[in-house]
Amino acid sequence: MTDNDENHLIAERRAKLQKLRERGVAFPNDFRRTALAGRLLEEHADASAEVLEGARLKVAVAGRMRAKRIMGKASFINLEDVSGTIQVFLQQATLGEVYEDFRTWDVGDIVAAEGSLFRTRTGELSVRAAGLRLLTKSLRPLPDKWHGVADTELRYRQRYVDLIVNEHSRKVFATRSKIVRQLREMLDARDFLEVETPMLQAIPGGAAARPFKTHHNALDLDMYLRIAPELYLKRLTVGGLERVYEINRNFRNEGVSTQHNPEFTMLELYQAYGDYHDIMQIVEDMFQGIADKLHGSRLIDYQGREYNLSRPFARLTIEQILCASIVDLDGARLRDVAYLRGVCDQMKVPFKSGDGAGKLQIELFERSGEATLIQPTFAYAYPAEVSPLSRSNDADPFLTDRFELFIGGREYANGFSELNDAEDQARRFRQQVERKDAGDEEAMYYDADYIRALEYGMPPAGGLGVGIDRLVMFFTNSASIRDVLLFPHLRPET
RNA sequence: GGGACGGUAGCUCAGCUGGUAGAGCAAGGCCCUUUUAAGGCUUUGGUCCUGGGUUCGAGUCCCAGCCGUCCCA
């Protein structure tokens with residue numbers, strides 16, 4: 001990407017830059033603007049041409065030159081800054097030599113203009129330039145002014161170009177920021193403490209996933225990028241931080257798809273003296289709060305389908321969903337391993353020999369149940385076998401007090417009443433280790449320090465994880481996770 | 001991992017059953033003092049993703065690979 005993609009367009013611009021260098025400071029940084037384009041358009045939306053002419057409002061604006069229309073001794077340019085785009089009117093009569101220089105400037109250059117506001121014949125608010133400066137010479141031509149960047153690969157690899165050219169893209173990332181801010185404001189208002197826990201972990205815990213492995217040289221210690229912050233956040237509840245949350249990156253060494261990026265952003269929170277019912281309400285509040293803030297409505301369109309985020313969301317148990325989504329399923333034999341294996345075979349759902357009834361249920365649920373959960377639905381009562389960190393249900397120890405939120409067949413949140421029984425947790429870890437020894441790479445490690453923490457006593461609590469990227473996809477109507485990640489993972493350029 | 005589709009000028013895209021590589025925008029030159037996808041005239045610009053193969057001849061057909069998009073597991 002250095003010299004081999006040079007072309008005559010770039011060569012011409014380099015020659016222009018060389019001339020600028022010869023004449024002095026080519027990249028000046030002494031211009032200060034007094035106004036933003038978008039603000040000016042807002043503030044003077046109602047000002048008539050006569051009022052503006054009388055007021056003689058002096059402004060200094062700067063931005064990227066996005067359009068250039070030369071008509072002999074007068075020209076118009078569009079300057080775009082972070083807030084919007086304003087037109088600037090240039091005349092040879094007032095600018096003199098600068099006007100002749102300007103003729104050689106290119107679309108894409110960073111330009112500053114000083115002058116007074118006025119309205120053109122067609123009524124567009126513009127700056128009549130009394131002064132004009134080139135602040136940064138752009139050496140590479142921008143993509144087609146009309147079509148923008150259509151090549152998805154270029155949009156992802158050169159996000160800076162995508163952001164220059166595609167307003168929609170800028171808007172998506174602004175919305176992402178708003179969503180995260182909304183979540184923080186909501187949690188801060190409820191006395192949650194935002195914390196940061198290790199990303200480099202000696203024992204990767206808190207989720208069933210393959211980790212990225214790395215090495216600490218000074219300690220000569222293999223370490224892992226975290227797959228979840230869960231066990232550290234729960235240690236904090238042991239320490240008396242009764243409401244904590246973290247919004248940060250997790251890393252999972254798995255496939256890449258429209259739904260998955262190897263590093264992704266997760267919100268996790270833990271609330272002492274609460275259970276999974278309380279957490280479900282928090283989730284409803286989050287989705288409603290974001291919908292209200294962004295759209296002023298709880299009816300959200302995502303990829304051509306309308307979703308109603310009004311509370312309460314539906315609540316169905318895993319077993320209920322299985323019975324509703326698989327025809328002729330015998331609801332009385334849902335914990336019968338032999339029977340479930342038969343169903344799996346019938347539906348061509350693969351399973352492992354060590355899988356118990358709980359795991360088989362979830363395999364079937366993922367195949368048949370998830371896709372049926374269109375409007376927001378909490379699927380709850382997950383089998384303990386697949387929920388090694390969740391509290392067992394008091395009445396039915398086959399189950400845990402755990403839920404996941406589904407919208408449009410897609411998982412958005414995972415929450416549960418936390419397992420704070422150290423001896424039960426130790427037993428669950430040992431079961432995980434057995435699975436790992438049997439070849440399950442996603443099974444968890446035994447984390448002795450975490451057990452020790454629980455042995456000091458962790459208050460009863462509820463916890464939650466929400467995938468921020470998917471949340472942003474939903475609220476920005478984005479089809480691919482790459483559309484909501486500034487720099488999505490791609491193979492290196494060759 | 002399997003399948004479908006795509007990769008041609010800086011960008012957006014055409015290019016038919018194999019026969020000299022095209023347009024618009026951008027860029028260079030000329031004209032133009034209220035345009036806004038400004039306009040008019042004109043010129044330049046190509047590793048047709050890469051490597052093999054078939055053929056008198058390959059952007060086009062075949063094989064392998066690279067990169068990407070989507071779908072499935």
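Letters A, B, ... are given to chains in the order of the sequence lines, protein chains preceding strands, and every chain is numbered from 1. A quick note: this is a predicted structure, and the numbers were derived from the prediction, not measured.
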Is there, by distance only and without an angle test, a donor paired with an acceptor across the side chain of [X] and the base of [N] below 3.5 Å?
X: A:Arg69; N: B:U35; value: yes
X: A:Thr152; N: B:U69; value: no
X: A:Asp144; N: B:G24; value: yes
X: A:Gln87; N: B:U35; value: yes

Would you indicate which nucleotide in [options] comes nearest to any side-chain atom of [X]?
X: A:Ser480; options: B:U69, B:C70, B:C32; result: B:C70
X: A:Leu9; options: B:G28, B:A26, B:U33; result: B:A26
X: A:Lys73; options: B:U35, B:G68, B:U33; result: B:U33
X: A:Arg157; options: B:G68, B:C11, B:U69; result: B:G68
X: A:His147; options: B:U12, B:U33, B:U34; result: B:U12

Closer than 4.0 Å, any side-chain N/O of [X] to the OP1 or OP2 of [N]?
X: A:Lys16; N: B:G28; answer: yes
X: A:Arg491; N: B:C67; answer: yes
X: A:Thr258; N: B:C71; answer: yes
X: A:Lys145; N: B:A37; answer: no

To the nearest Å, how far apart are [X] [atom1] and [N] [atom2]?
X: A:Lys68; N: B:A37; atom1: NZ; atom2: C1'; answer: 16 Å
X: A:His8; N: B:C11; atom1: NE2; atom2: P; answer: 12 Å
X: A:Gln259; N: B:C72; atom1: CD; atom2: P; answer: 10 Å
X: A:Met65; N: B:A38; atom1: CE; atom2: C1'; answer: 15 Å
X: A:Gln158; N: B:C67; atom1: CD; atom2: C1'; answer: 14 Å
X: A:Asp162; N: B:C11; atom1: CG; atom2: P; answer: 14 Å
X: A:Asp151; N: B:C25; atom1: CG; atom2: P; answer: 22 Å
X: A:His260; N: B:A73; atom1: NE2; atom2: P; answer: 13 Å

Nearest-nucleotide check on RNA chain B, A:Phe89 vs A:Ala150; residue mapping nearer the 5' end is A:Ala150
**Report entry** Upstream residue (5' side of RNA chain B) when A:Phe76 and A:Arg103 are each assigned their closest nucleotide
**Finding:**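 So the residue in question is A:Arg103.
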Closer than 4.0 angstrom, basic N to acidic O: yes or no for [X] and [Y]?
X: A:Asp106; Y: A:Arg140; value: no
X: A:Lys352; Y: A:Glu363; value: no
X: A:Asp355; Y: A:Arg341; value: no

Say you pick atom [atom1] in [N] and the same atom in [M]; how far apart are they, in whole Å?
N: B:G59; M: B:C48; atom1: P; result: 8 Å
N: B:C25; M: B:G39; atom1: P; result: 7 Å
N: B:U34; M: B:U69; atom1: P; result: 47 Å
N: B:C56; M: B:G51; atom1: C1'; result: 23 Å
N: B:A14; M: B:G46; atom1: C1'; result: 15 Å
N: B:U54; M: B:G18; atom1: C1'; result: 11 Å
N: B:G15; M: B:G52; atom1: P; result: 28 Å
N: B:U8; M: B:C13; atom1: C1'; result: 9 Å

With a 3.5 angstrom cut-off on both distances, give the Watson-Crick or G-U wobble partner of [N], or none if there isn't one.
N: B:A26; answer: none
N: B:C5; answer: B:G68
N: B:A21; answer: none
N: B:A38; answer: none
N: B:A58; answer: none
N: B:U33; answer: none

Show your reasoning for whether salt bridge (charged side-chain N to carboxylate O under 4.0 Å, His left out) applies to A:Arg176 and A:Asp483.
-> CA-CA 11 Å; A:Arg176 179 175 179 125; A:Asp483 293 324; over 6 Å; no
Does A:Gln92 reach a base, just sugar-phosphate, or nothing at all? Heavy atoms under 4.0 Å.
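Result for A:Gln92 = nothing.
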**Prompt:** Looking across every strand, which nucleic acid part, if any, lies under 4.0 Å from A:Gly148 by heavy atom: base, sugar-phosphate, or nothing?
**Reply:** sugar-phosphate
If you measure only the distance, is there a donor-acceptor pair under 3.5 Å linking the side chains of [X] and [Y]?
X: A:Tyr276; Y: A:Thr400; result: no
X: A:Glu100; Y: A:Gln92; result: yes
X: A:Gln375; Y: A:Tyr307; result: no
X: A:Arg210; Y: A:Tyr224; result: no

Handout entry: Centroid-centroid under 6.0 Å between A:Phe406 and A:Phe313 rings
Key =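 Not close enough - the centres of the two rings lie 6.0 Å or further apart.
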Q.
If you take the centroid of each ring, where Trp contributes its six-membered ring, are A:Tyr380 and A:Phe403 closer together than 6.0 Å?
A.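 Here the rings of A:Tyr380 and A:Phe403 have centres that are no less than 6.0 Å from each other.
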**Item:** Those residues of residues 350-367 of chain A lying under 4.0 Å from RNA chain B by at least one heavy atom
**Value:**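 A:Arg367, in order of number.
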- Item | Contact summary for A:Phe31 and A:Val61, nearest pair of heavy atoms |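 A:Phe31 and A:Val61 have their closest heavy atoms at CZ-O, 3.6 Å.
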